[in-house]
Protein chains: 2
Amino acid sequence: MHKIKPAQTISSAAIGRALDQLRTVVKQRGLKSSAVRETVAEVALRRPGHFSVDDLVSDLRSSGVIDAHPATVYRVLPLLVEAGLLQLTLISTGDGARYERAFEREHHDHLVCTSCGKVVEFCFEAIELLQRDICERFGFELTGHIHELLGVCKECRTTDAVT
Amino acid sequence: MHKIKPAQTISSAAIGRALDQLRTVVKQRGLKSSAVRETVAEVALRRPGHFSVDDLVSDLRSSGVIDAHPATVYRVLPLLVEAGLLQLTLISTGDGARYERAFEREHHDHLVCTSCGKVVEFCFEAIELLQRDICERFGFELTGHIHELLGVCKECRTTDAVT
DNA sequence: GTCATCTTGCGAACTGTTCGCAATTCCGTC
DNA sequence: GACGGAATTGCGAACAGTTCGCAAGATGAC
């Protein structure tokens with residue numbers, strides 16, 4: 001098991017590869033390319049960490065390049081997920097979806113502090129193997145998983161103790 | 001690892017124990033007892049499987065005992081979770097919360113067929129141990145987790161193949 | 001029985017997300 | 001380069017689950 005290193009700023013070359021991948025999916029699905037979609041993809045890929053749809057809409061607005069309507073972003077995001085650029089995660093926030101870059105990053109799960117909201121990413125081969133094992137035993141073909149550990153971090157525990 | 005046996009119909013004695021447990025929590029929190037709350041608890045405990053808030057409201061209505069307002073049920077449920085009678089679960093449905101009985105049942109996780117919605121419950125000691133291990137390494141105190149495997153069941157795979 | 005407090009019902013409000021539609025953009029074809 | 005069918009976008013309304021505020025009702029300590 002190891003801690004995931006924080007998501008690096010993505011290189012322009014990687015953005016290019018990601019957009020190529022997106023175009024492939026777009027073509028496969030008989031869709032048309034669009035500047036808006038690619039801008040959304042690029043801005044989303046450049047954003048570090050976990051972000052909400054609203055965060056992304058703000059980023060797009062402040063980028064000055066396009067001023068995409070939230071509905072448009074909502075329509076684009078599933079496609080970016082399908083194309084493997086983004087990943088839907090962090091369900092437990094309870095206030096809407098969170099996305100993060102998936103393109104050219106290793107898969108990982110999340111450990112969330114329920115007190116301060118801190119998120120630690122971790123990767124644990126053994127659990128992934130066990131998951132596949134479980135699925136097989138029940139005749140399922142594993143397509144994804146939600147795995148989020150909830151806890152209280154050290155800082156919050158000591159702070160609370162004082163309070 | 002083993003498959004969980006389907007939730008048995010809960011016995012009246014167990015309901016009694018559950019209500020006692022609820023009363024303890026209620027007292028601890030300086031709240032007052034209430035017939036409505038206990039009826040909600042009882043109907044929820046008797047309901048097999050996973051249910052939505054709406055399901056529970058319908059059950060309460062058709063029970064003829066009380067006709068609780070949804071807002072009331074929304075207010076009662078967190079308390080029942082805190083008292084250990086219910087567990088919030090099945091986040092991935094995307095259409096609202098799901099609950100299930102937790103009182104006098106073994107802990108388990110879920111394997112969900114993304115095609116037909118079938119849910120298999122499983123219990124895997126090893127994963128639970130690994131989770132605790134991960135938390136410790138990061139200095140977290142584990143308080144809960146969301147763990148849901150998404151896949152396609154055998155029946156759906158063969159059906160889709162034909163289609 | 002009284003009184004403070006908790007609980008409930010009710011409807012309005014809120015939030016994240018989706019929908020329908022008209023205007024626009026894309027792109028293969030002429 | 002213009003044309004035309006199809007995909008995309010912006011917009012606001014609609015939607016669903018959930019929460020909130022308030023007034024009326026229930027509870028329990030004294």
Side-chain angles (χ1 to χ4, degrees), chain A residues 19 22-44 50-61 63-83 86 88-99, chain B residues 19 22-44 50-61 63-83 86 88-99:
Chain A
L19 292 183
L22 173 60
R23 287 182 195 117
T24 304
V25 172
V26 164
K27 185 167 283 181
Q28 275 176 355
R29 299 250 318 233
L31 305 177
K32 295 180 177 174
S33 73
S34 100
V36 171
R37 187 154 50 209
E38 298 201 353
T39 305
V40 173
E42 182 165 349
V43 172
H50 309 94
F51 54 89
S52 67
V53 175
D54 227 47
D55 292 335
L56 186 49
V57 170
S58 305
D59 272 20
L60 287 162
R61 173 157 300 166
S63 79
V65 182
I66 58 169
D67 190 7
H69 194 275
T72 301
V73 176
Y74 274 105
R75 279 185 283 232
V76 168
L77 284 173
L79 195 62
L80 302 188
V81 170
E82 191 190 326
L86 301 181
L88 181 61
T89 59
L90 279 180
I91 312 295
S92 73
T93 54
D95 63 338
R98 288 291 183 286
Y99 291 84
Chain B
L19 292 184
L22 173 60
R23 286 182 196 119
T24 304
V25 172
V26 164
K27 185 167 285 182
Q28 274 177 355
R29 301 250 318 232
L31 304 178
K32 294 180 178 176
S33 74
S34 102
V36 171
R37 187 155 50 208
E38 298 202 352
T39 306
V40 173
E42 180 164 351
V43 171
H50 308 95
F51 54 88
S52 67
V53 174
D54 227 47
D55 293 335
L56 185 50
V57 170
S58 304
D59 271 20
L60 286 162
R61 173 156 301 164
S63 79
V65 182
I66 58 168
D67 189 8
H69 194 274
T72 302
V73 176
Y74 275 105
R75 279 185 283 232
V76 168
L77 284 173
L79 195 61
L80 302 189
V81 170
E82 192 190 325
L86 301 180
L88 180 60
T89 210
L90 276 181
I91 313 295
S92 74
T93 54
D95 64 339
R98 289 291 182 287
Y99 291 82

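In what follows, chains are A, B, ... by sequence order, proteins preceding strands, each numbered from 1. Keep in mind that what you see is a predicted model, and the values were worked out from it rather than measured.
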*Would you sort out whether R37(A) and R75(A) count as a side-chain contact (heavy atoms from CB on, under 4.5 Å), showing the intermediate values?*
CA-CA 9 Å; R37(A) 187 154 50 209; R75(A) 279 185 283 232; over 6 Å; no
*Any donor-acceptor pair under 3.5 Å linking the side chain of D55(B) with the backbone of S52(B)?*
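Yes, the answer is positive, given that a donor and an acceptor are paired below the 3.5 Å cut-off.
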Report the distance from atom [atom1] of [X] to atom [atom2] of [N], rounded to the nearest whole Å.
X	N	atom1	atom2	value
E38(A)	dA7(D)	CD	P	18 Å
Y99(A)	dG16(C)	OH	C1'	11 Å
L22(B)	dC6(C)	CG	P	17 Å
R75(B)	dT18(D)	CZ	C1'	11 Å
L80(B)	dT7(C)	CG	P	12 Å
R37(A)	dT9(D)	CZ	C1'	11 Å
I66(A)	dT24(C)	CD1	P	18 Å
L31(B)	dT8(C)	CG	C1'	14 Å

Between [options], spot the one nearest the side chain of [X], thanks.
X	options	answer
A71(B)	dC11(D), dT17(C), dC10(C)	dC10(C)
H69(A)	dT8(D), dG10(D), dG16(C)	dG10(D)
A97(B)	dC10(C), dT18(D), dG16(C)	dT18(D)
Y74(B)	dT19(D), dC10(C), dT9(D)	dT19(D)

*asked:* Using side-chain contact (heavy atoms from CB on, under 4.5 Å), reason through T72(A) and V40(A) one step at a time and then give a plain yes or no.
replied: CA-CA 9 Å; T72(A) 301; V40(A) 173; 5.6 Å; no
*Start with the C-alpha distance between L77(A) and L88(A), add both sets of side-chain angles, then the distance that settles side-chain contact (heavy atoms from CB on, under 4.5 Å), and finish with yes or no.*
CA-CA 9 Å; L77(A) 284 173; L88(A) 181 61; over 6 Å; no
*asked:* So which atom in A68(A) and which in V73(A) form the shortest heavy-atom distance, rounded to 0.1 Å?
replied: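 Closest pair (atom of A68(A), atom of V73(A), distance): CB-CG2, 4.1 Å.
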*asked:* Distance check, rounded to the nearest 0.5 Å: E38(A) atom CD versus L80(A) atom CG?
replied: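 Here the interatomic distance stands at 10.0 Å.
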*Check the pair V43(A) / V65(A) against side-chain contact (heavy atoms from CB on, under 4.5 Å), numbers first and verdict last.*
CA-CA 10 Å; V43(A) 172; V65(A) 182; over 6 Å; no
*Going 5' to 3' through nucleotides 25-30 of chain C, assign each nucleotide B (protein heavy atom under 4.0 Å from a base atom), S (under 4.0 Å only from sugar-phosphate atoms) or - (no protein heavy atom that close).*
-BS---
*So what does D95(A) hit on the nucleic acid, given a heavy-atom distance under 4.0 Å: a base, only sugar-phosphate, or nothing?*
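Sugar-phosphate: the residue D95(A), judged by heavy atoms under 4.0 Å, touches backbone atoms but no base.
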